[in-house]
Chemist: 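Please see the structure below; I have some questions.
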Amino acid sequence: MNFLSKIFTWWNGATIGTMLAAWRGFEHVGTDAQGNKYYRSKKKTGDGRERRWVIYEGSNDASRVPSEWHGWLHGLGEDVPESFLPPARIWETDYTPNATGTDTRYLPQGALEKGGHRARATGDYEAWSPDA
Amino acid sequence: MPNVTVDGTEIEVPEGATVLQACELAGKEIPRFCYHERLSIAGNCRMCLVEVKPGPPKPQASCALPATEGQEIRTDSEMVKKAREGVMEFLLINHPLDCPICDQGGECDLQDQAMAYGRGYTRYDENKRAVTEKYMGPLIKTIMTRCIHCTRCVRFSEEVAGVDEIGALYRGENMQITTYLEQAAEHELSANVIDLCPVGALTSRPYAYEARPWELKKTLSIDVSDAMGSNITLCSRGREVLRVLPRINDEVNEEWITDKARYQVDGLQRRRLDKVFLRKRGKLVEGSWDEAFKAIAKAKPGKSIAAIAGDMVDCETMFAAKALVKASGSDLVESRQTGMDYPTGNLAAVNFNTSFAEIENADAVLIVGSNLRTEAALLNVRIRKAVKRGAKVFVVGPEWETTYPAEFLGDDVSVLGKLPKAVTDAFKDAERPALILGAGGLAAGAYDSALGLVETLGLVKDGWNGFNVVHTAAARMGALMLGFAQDGGIADIAKAKPKLVLALGADEVDWEPFADSLKVYIGHHGDKGAHAADIILPAASYAEKPGSYVNTEGRVQFADKAVFAPGDAREDWTILRALADALKVKVGFDNFAQLRAAMTEEVPALAVEGLADYGSLPKTGKAAKAEGKIAYPIADFYLTNPIARASTTMQRCSAELIHGEDVREAAE
């Protein structure tokens, strides 16, 4: 199943073509807390820069890249982020990807999924019911 | 008529005018806090200082200074400017700077006048005075630190309301305004002190922190909580009416409204009918408009159709209902829900003929079966004015707490046949005698004997008609003008056993005799009428539709629509128009303009704002004898209509002020 989904889907991790390319020309640099793997090209481009990639562990959602690796992907630093960033403070929370469209998304107080109880607003009225 | 000079322009002012009034006539604005046109002059705020010659070389309080011949008044001199700045500085010394959290913000006299006449900065860095909180009942919120001692509230309750409820303790800077023993203010007009208060010391408790004045939409409307037809402004935001303020109309409500008119509006957000309901197997269940119209058409009423109008219905609704009933071939329409059956052929005989403004000049008043304080509190204010001018008042009916000296003549109507000598003497000497017949009197059958008194007491004189009827329902005079009545009252309709009864917001009807009829309730609140109905069609309240109302003195007035009705509710006339289609009859109008045109064609008096002319009183022979104990129709002033009954504020007032429950809150 895993093998079949690798062939027919593109939205979970690398496709077969990317895997082959990574195997041929990528150099593994590091892995973040979520298991996403970061690579750089073994060869430099024509103007002397290196190319950098991420291969997701799980869904291909750009918001799953934590901020330190986001910087690295965009050319910040030579080596892994730990090598040039200050150590994480104790008050820093774990990075969470964008929750839009997922079950953990933010719901305001009055959302039906939260029970629909909200503070009274102008224009609210209480309908009559014959049982009352 | 003295001639005075105001800032160089000479004008003639009426005899007895004050300097302040003279300046107003000359178009000059005089700042003031304590002076109010309808209250006595106190002269204690000192804000109205002007320079007057001849006189002492110092500024004078213009509100308390009579204008005399040859006075030279200056309102624009350096001395006046300095005096105003000085007074304003003194007032602000002990006034907290809490405008951002004050409910008066935006409509505060002190705020406005500090901007216009104040200094713009403060030189005061001592401690400010603070005043302990007072309790004034469920309607008035007090923050007495803000009080500037203008004593308008004290003068109002003493002079206009006629009850000694609010007074002042201590002197000078230490003066404190309070109700005696910190009891709640109990009279029916108590909340008017909120409008009178020039600062935020007395504000509206139910409206506290709800809105700022500039975000409210103001709609001109007419009050329907009693038959006075008080002119009101509905202040709404979005779909909700947040508060009601009185409009000035000297002919009707002067500047006041009753607490019920002011505070029943929160009932518009509760117990609302916003869906169609149909009775299926004895239970009301939700349905659609189509289902409801089909069910009504299936009943095949044919000619057997009747309409009963409630107390708060506008003329347009009643006309539409009458048109529908008439088009079906029936004439069973009635608006007197509680079963009264006085003759309605001559409208002058069921009208307040003297008019509210004129009744102030009456010099002898006989009240038959009316507790004016609960039935028409603003009329009671007028009678009090008449008494202050020397009128004698007699009351037939159970005793109630009058706000003026009055003599009670027992609670049986038979006394009208043999009036005591004191009454006949008072009326014999009276130039402008008046009789006021209330709903209690009408119910006890005093109609004929009261009309008989027109002759005996000489109530009709040149330019004076002293025969008055006070109704309790805002819809009553409009209904009678539209012929929305039967000779035998509602009993006639019950006798006809109609297949279909349309109840237009009728909540006081005894539905027992209509057990076999299909009862369709067209109204806005789930009250007794809705519980008894077979089909409920949700309609609009008085704030949610334009309409005309006729008050008990026959004054035609128009009200505008402030907000939209909630949910599926529609304006009443559209429901009746759709019902006409369902019953396959033609009513002759398709929109509101056509409806109004048809209505004014039938009753031309409804087209013009103002007093309608009902002609002269019917000729009566010997006064008919009547017997019967009078009972007043209103047991609980705060809960007389479905809107008020749904209102939490009115419920609280009823519990606290009438039933004496202790629901007092800790001072904030």
Side-chain angles (χ1 to χ4, degrees), chain A residues 9 11-12 33-34 56 58-71 74 76 85-132, chain B residues 207 209-211 215-217 235-243 265-280 282-287 521 523-536 538 541 543-544 562-569 642 645-648:
Chain A
T9 67
W11 52 82
N12 278 312
Q34 295 186 67
Y56 296 101
S59 77
N60 293 351
D61 172 6
S63 82
R64 294 182 61 217
V65 174
S67 43
E68 65 271 19
W69 281 105
H70 176 88
H74 289 79
L76 196 69
L85 287 177
R89 304 285 184 176
I90 51 163
W91 37 259
E92 279 182 35
T93 54
D94 289 336
Y95 178 79
T96 46
N98 182 359
T100 302
T102 69
D103 288 343
T104 54
R105 69 192 182 279
Y106 169 75
L107 291 169
Q109 264 271 286
L112 288 178
E113 292 91 334
K114 273 209 159 183
H117 297 297
R118 58 172 169 79
R120 208 191 154 274
T122 314
D124 283 1
Y125 67 94
E126 184 191 293
W128 176 78
S129 122
D131 315 314
Chain B
Y207 174 71
Y209 307 128
E210 285 281 344
E215 49 180 352
L216 298 173
K217 187 182 93 178
C235 299
S236 57
R237 183 176 59 194
R239 301 186 68 129
E240 184 172 347
V241 179
L242 287 168
R243 67 166 174 182
V265 282
D266 68 334
L268 292 174
Q269 306 301 119
R270 294 189 67 235
R271 287 193 210 155
R272 285 311 298 266
L273 298 175
D274 66 343
K275 300 182 218 52
V276 175
F277 285 96
L278 296 115
R279 199 173 285 281
K280 284 180 184 159
K283 246 179 95 73
L284 283 168
V285 290
E286 276 175 42
Y521 184 79
H524 43 86
H525 271 77
D527 211 283
K528 289 171 220 156
H531 278 289
D534 297 312
I535 294 173
I536 297 174
S541 73
E544 291 144 9
V563 291
F564 286 97
D568 252 358
R645 282 192 286 265
S647 149
T648 39

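Because the structure is a prediction, the values reported are computed rather than measured. All heavy atoms count here, side chains included; hydrogens, waters and symmetry mates do not. So you know, we letter chains A, B, ... as the sequences are listed, proteins then strands, and number each from 1.
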Chemist: Would one find more than 12 heavy atoms of other residues, nucleotides or ligands at under 6.0 Å from atom CZ of B:F564?
Modeler: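 It does not: B:F564 CZ has 12 such atoms or fewer within range.
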Chemist: Hey, what do you get for OG1 (A:T122) to CZ (B:R237), rounding to the nearest 0.5 Å?
Modeler: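 Nearest 0.5 Å value for the OG1-CZ distance: 3.5 Å.
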Chemist: Residues of residues 94-110 of chain A under 4.5 Å from chain B (heavy atom pairs)?
Modeler: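 The list, in residue order, is empty: none.
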Chemist: Using a 3.5 Å distance criterion without hydrogens, assess whether the side chain of A:E126 forms a donor-acceptor pair with backbone atoms of B:R270.
Modeler: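 A pair under 3.5 Å: no.
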Chemist: How long is the span from the CG atom in A:D131 to the NZ atom in B:K283, to the nearest 0.5 Å?
Modeler: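 Between A:D131 CG and B:K283 NZ, I get 4.5 Å after rounding to 0.5 Å.
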Chemist: Give, for atom CD of B:Q269 and atom CZ of A:R120, the distance between the pair rounded to the nearest 0.5 Å.
Modeler: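 It is 6.5 Å, given to the nearest 0.5 Å.
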Chemist: If you measure from NZ on B:K275 to OG on A:S129, what distance do you get to the nearest 0.5 Å?
Modeler: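 Rounded to the nearest 0.5 Å, the NZ-OG separation comes to 8.0 Å.
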Chemist: Does the separation of the ring centres of A:W128 and B:H524 fall below 6.0 angstrom?
Modeler: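 No; B:H524 has its ring centre 6.0 Å or more from that of A:W128.
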